[in-house]
Amino acid sequence: MFRHLMARAGHGPKHHRFDRPHHGAGGMFDEGGPRGREGGRGARMFEQGALRIVMLHLLQEKPRHGYEIIKAIEQLVGGGYSPSPGVVYPTLTLLEEMGYATVAAEEGGKKLYRISAEGEADLKANEALLQQVLHKFEMRRQERPDADSPELRRAVQNFRMALHTRLAKGALSKEELHAVVDIIDQAAVAVERV
């Protein structure tokens with residue numbers, strides 16, 4: 001059904017979005033340009049098949065919800081990148097369709113994903129790719145001295161949550177929008193001057 005929906009949306013079998021390489025100039029990471037949700041749309045972190053393998057690796061560690069996978073990948077990379085739910089959840093659906101993951105519904109309707117025997121076999125067959133990706137993540141963490149700063153991550157998450165909560169309350173008036181933009185701009189200038 002998922003492939004049928006993708007085909008209806010203009011992604012036929014030859015142009016299925018999971019079959020395209022997810023990289024820029026041939027490397028595993030598109031180092032030129034922004035990354036993840038923080039960096040804007042269209043950023044590519046994984047080459048073809050790498051996200052699927054990393055997700056299987058995380059499911060092999062323990063069963064997880066989609067949100068937990070997003071957070072685990074963010075932690076693996078060392079912060080500064082968080083895969084979009086619009087990439088993670090369709091990949092989980094694909095893993096389920098391929099028979100690489102099974103799903104159990106939990107209280108509250110959340111899906112809990114577990115790796116299957118087929119998923120274990122695929123992960124084993126792609127061990128070299130997994131090690132390559134994990135090595136790249138390690139290199140990236142070493143390049144970011146602030147990557148393991150829980151205080152900074154918490155502060156950024158608090159800011160995002162406050163903004164999200166305020167926007168969820170309803171549309172901002174013109175004055176409120178300008179006030180929020182001014183606050184964000186002042187904070188950015190203050191951080192640059194530290």
Side-chain angles (χ1 to χ4, degrees), residues 2 16-24 26-98 100-104 106 110-116 118-120 122-161 164:
F2 183 71
H16 193 280
R17 68 183 183 141
F18 293 107
D19 295 331
R20 291 195 317 246
H22 287 208
H23 55 78
M28 178 163 304
F29 302 99
D30 182 4
E31 294 296 349
R35 297 176 182 87
R37 285 182 294 184
E38 291 81 359
R41 298 177 62 120
R44 296 282 186 252
M45 177 60 88
F46 297 94
E47 72 173 26
Q48 183 178 5
L51 176 61
R52 174 175 55 86
I53 295 303
V54 169
M55 288 171 65
L56 285 174
H57 166 68
L58 292 171
L59 292 177
Q60 185 183 48
E61 289 181 348
K62 66 176 186 177
R64 299 177 193 257
H65 301 289
Y67 178 77
E68 292 173 312
I69 289 174
I70 291 170
K71 290 284 132 198
I73 291 173
E74 185 177 352
Q75 210 169 23
L76 274 176
V77 176
Y81 171 81
S82 184
S84 147
V87 172
V88 169
Y89 286 101
T91 304
L92 284 169
T93 301
L94 181 68
L95 291 175
E96 184 184 0
E97 285 188 349
M98 294 170 80
Y100 291 170
T102 60
V103 179
E106 276 198 343
K110 283 181 171 181
K111 290 183 175 180
L112 184 68
Y113 292 85
R114 287 185 166 84
I115 193 167
S116 67
E118 292 86 354
E120 296 263 8
D122 185 58
L123 187 59
K124 188 173 182 181
N126 288 284
E127 179 66 23
L129 174 59
L130 175 63
Q131 292 309 316
Q132 185 182 6
V133 175
L134 295 178
H135 176 71
K136 292 281 186 183
F137 287 171
E138 177 60 32
M139 298 293 290
R140 192 163 189 271
R141 282 198 303 271
Q142 289 176 13
E143 289 171 6
R144 291 178 49 89
D146 64 326
D148 293 320
S149 167
E151 297 88 356
L152 186 58
R153 281 199 308 271
R154 180 197 50 74
V156 170
Q157 287 172 352
N158 283 348
F159 170 75
R160 287 159 124 188
M161 185 56 72
H164 177 75

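- Interatomic distance, Thr91 OG1 to Met98 CE, rounded to the nearest 0.5 Å: 10.5 Å.
- Residues Lys110 and Leu112 form no side-chain contact, since every pair of their non-hydrogen atoms from C-beta on lies 4.5 Å or further apart.
- Distance OH/Tyr113 to OG1/Thr93: 5.0 Å, rounded to 0.5 Å.
- Of the inter-residue distances, the one linking Leu123 atom CG with Gln60 atom CD reads 5.0 Å to the nearest 0.5 angstrom.
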**Q.** Worked check of side-chain contact (heavy atoms from CB on, under 4.5 Å) between His57 and Leu134
**A.** CA-CA 10 Å; His57 166 68; Leu134 295 178; 4.2 Å; yes
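- By the side-chain hydrogen bond (donor to acceptor under 3.5 Å, both in side chains) test, Asp122 is found to be paired with Arg52, Asn126, residues two or more places apart in sequence or in another chain being considered.
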Q | Residue pair Ile69, Leu59: steps toward the side-chain contact (heavy atoms from CB on, under 4.5 Å) verdict | A | CA-CA 8 Å; Ile69 289 174; Leu59 292 177; 3.9 Å; yes
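- Among residues two or more places apart in sequence or in another chain, the side-chain contact (heavy atoms from CB on, under 4.5 Å) test is passed with Tyr89 by Tyr67, Ile70, Pro85, Leu92.
- Here Glu74 contributes atom CD and Lys71 contributes atom NZ; the two are 4.0 Å apart, rounded to the nearest 0.5 Å.
- Scanning both residues, Val88 and Pro83, for their nearest heavy atoms gives CG2-CB, 3.7 Å.
- Rounding to the nearest 0.5 angstrom, the gap separating the CG atom in Leu58 from the CD1 atom in Ile53 is 11.5 Å.
- Judged as a side-chain hydrogen bond (donor to acceptor under 3.5 Å, both in side chains), and not counting sequence neighbours, the contacts of Ser116 are Glu118.
- Residues that satisfy the side-chain hydrogen bond (donor to acceptor under 3.5 Å, both in side chains) test with His135, not counting sequence neighbours, are absent from this structure.
- Taking CD1 from Ile73 and CZ from Phe137, the interatomic distance works out to 6.5 Å, rounded to the nearest 0.5 Å.
- Glu68 meets the salt bridge (charged side-chain N to carboxylate O under 4.0 Å, His left out) test with no other residue; sequence neighbours excluded.
- Nearest heavy-atom pair across Gly119 and Leu56 is O-CD1, 3.9 Å.
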